[in-house]
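This report concerns only the one structure given below.
Throughout, protein chains are lettered first and strands after them, A, B, ... in sequence-line order, and every chain is numbered starting at 1.
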There are 2 protein chains.
Amino acid sequence: MSDIELIIERIELRGHRITEGRRRVIQAVLKQPSHFTVEDVLQSTRRVGRATVFRTMRLLLDLNIVCRVLLDGGNLHYRISSRGHHHHLVCNDCGRVEDFTGCDVEPLVQALAAAMKYEIDGHWLEVYGRCEACRLLRSGRPESQTTQVLSQ
Amino acid sequence: MSDIELIIERIELRGHRITEGRRRVIQAVLKQPSHFTVEDVLQSTRRVGRATVFRTMRLLLDLNIVCRVLLDGGNLHYRISSRGHHHHLVCNDCGRVEDFTGCDVEPLVQALAAAMKYEIDGHWLEVYGRCEACRLLRSGRPESQTTQVLSQ
DNA sequence: CATAGTATTGACACCAAGTCTCAATGTCAA
DNA sequence: TTGACATTGAGACTTGGTGTCAATACTATG
């Protein structure tokens with residue numbers, strides 16, 4: 001079963017209708033690179049209204065078919081979601097994003113909950129840096145500009 | 001020395017000029033509650049242009065005098081920054097925000113860096129939940145609506 | 001298969017947050 | 001005091017997203 005059919009099925013299971021517009025948006029999303037904006041999706045879906053594209057993206061977000069990445073600098077982009085809870089490791093030079101789950105934040109969050117007497121619902125973690133390829137590239141081109149770190 | 005004078009001094013040290021507009025924006029920022037939008041600041045600074053308010057906020061952000069909080073749901077708000085690197089614990093019910101630093105993410109980030117062969121610049125962590133006061137309130141009013149967790 | 005009920009769409013106006021331009025003005029070092 | 005130049009304000013523009021409402025398309029059902 002193809003990716004698009006799997007997604008269609010999940011949408012049906014939630015009681016939503018399958019329309020040509022939704023199919024087109026999903027197809028466009030599946031064609032995007034590592035991360036993208038709704039604008040990118042709009043540009044590759046002809047014959048689908050702007051509002052419908054935004055509405056479909058929200059639907060995909062609700063169904064955890066896509067997630068959002070907070071880029072260094074503060075822009076929120078979309079990304080096809082790996083299954084379940086995960087975080088992102090973002091290369092500030094080439095923009096590639098890797099998902100990770102292994103590095104578990106839960107103990108920290110639990111300790112925090114106890115200390116602050118909060119009941120915790122969830123958390124958001126993004127890590128920024130430079131991937132191996134970009135690091136090697138950079139050592140050859142020392143004048144490459146640095147980016148500002150959002151999380152100070 | 002008052003808060004505003006301290007901030008003014010930091011701006012001067014960076015070689016920026018002190019203007020009436022900047023003074024007004026800083027004063028407005030200092031009067032804001034826990035977190036706020038630029039719109040909130042705009043509304044309490046008469047006689048200062050919109051662009052200037054945004055420009056001053058960016059300056060304050062660069063100087064780490066304010067930071068940004070990613071609220072559950074995806075809105076970025078501003079907040080007066082506690083000194084240095086920290087994270088936020090956000091109550092989804094009443095909106096209060098607490099800073100925390102004690103809960104150290106560095107070891108996790110270092111392990112991740114090694115595993116993924118990334119050079120790490122920084123990270124961003126927000127934790128969402130319900131503060132003690134809201135929890136007690138809620139147990140008396142079980143119909144209170146739940147909010148969606150952004151970071152799933 | 002026909003159809004009715006209702007979910008969805010598209011066009012468009014609107015909103016929120018932020019940037020850009022450029023002539024006019026303000027700041028401050030000399 | 002003045003000159004260099006940093007900063008401002010007004011307003012147009014951009015980007016990302018929502019709300020409205022009549023028209024259309026799905027799909028469960030008969």
- Distance below 4.0 Å between Tyr78(B) side-chain N/O and dG18(C) OP1 or OP2: yes
- To the nearest angstrom, the CD-P distance between Glu39(B) and dC15(C) comes to 12 Å
- Query: Between atom CZ in Arg47(B) and atom C1' in dG26(C), what is the gap in whole Å?
  - Reply: 16 Å
- Message: Under 3.5 Å, is there a donor on one side chain and an acceptor on the other for Ser81(A) and Asn64(A)?
- Response: no
- Task: Would you jot down, in residue-number order, the residues of residues 4-26 of chain B having a non-hydrogen atom under 4.0 Å from DNA chain C?
- Result: Arg17(B), Ile18(B), Thr19(B), Glu20(B)
- Message: Under 3.5 Å, is there a donor on one side chain and an acceptor on the other for His87(B) and His123(B)?
- Response: yes
- Message: Quick check on DNA chain C: between Ala51(A) and Arg58(B), whose nearest nucleotide comes earlier from the 5' end?
- Response: Ala51(A)
- Task: Measure distances between side-chain N and O atoms of Arg50(B) and base N and O atoms of dG11(D), and say whether any donor-acceptor pair falls under 3.5 Å.
- Result: no
- Figure out the CG/C1' separation between Leu59(B) and dG18(C), and round it to whole Å. 16 Å
- Query: For Pro33(A), does its backbone N or O pair with a side-chain atom of His35(A) as donor and acceptor, under 3.5 Å?
  - Reply: no
- Message: Just the rounded figure in Å: distance from P of dA17(C) to CG of Asn75(A).
- Response: 15 Å
- Query: Roughly, in whole Å, what's the span from CZ in Arg46(B) to P in dT8(D)?
  - Reply: 18 Å
- Nucleotide dG11(D), atom P - distance to CZ of Phe54(B) in whole Å: 17 Å
- Atom pair NE2 (His16(A)) and OG1 (Thr56(A)), whose distance is rounded to the nearest 0.5 Å: 10.5 Å
- Does Gln32(B) have any side chain to side chain donor-acceptor pair (under 3.5 Å) partners at least two apart in sequence or in another chain, and if so, which? Ser44(B)
- Measuring from Ile26(A):CD1 to Asp3(A):CG, what's the distance to the nearest 0.5 Å? 11.0 Å
- Could you tell me whether the side chain of Arg55(A) has a donor or acceptor atom within less than 3.5 Å of a complementary atom in the base of dG10(C)? yes
- Message: Rounding to an integer number of Å, can you tell me how far Phe36(A) CZ sits from dG16(D) C1'?
- Response: 15 Å
- Item | Protein-nucleotide distance (Leu42(A), atom CG; dT15(D), atom P), rounded to Å | 12 Å
- Query: Roughly how far, to the nearest 0.5 Å, is the CG atom of Leu76(A) from the CG atom of Leu76(B)?
  - Reply: 6.5 Å
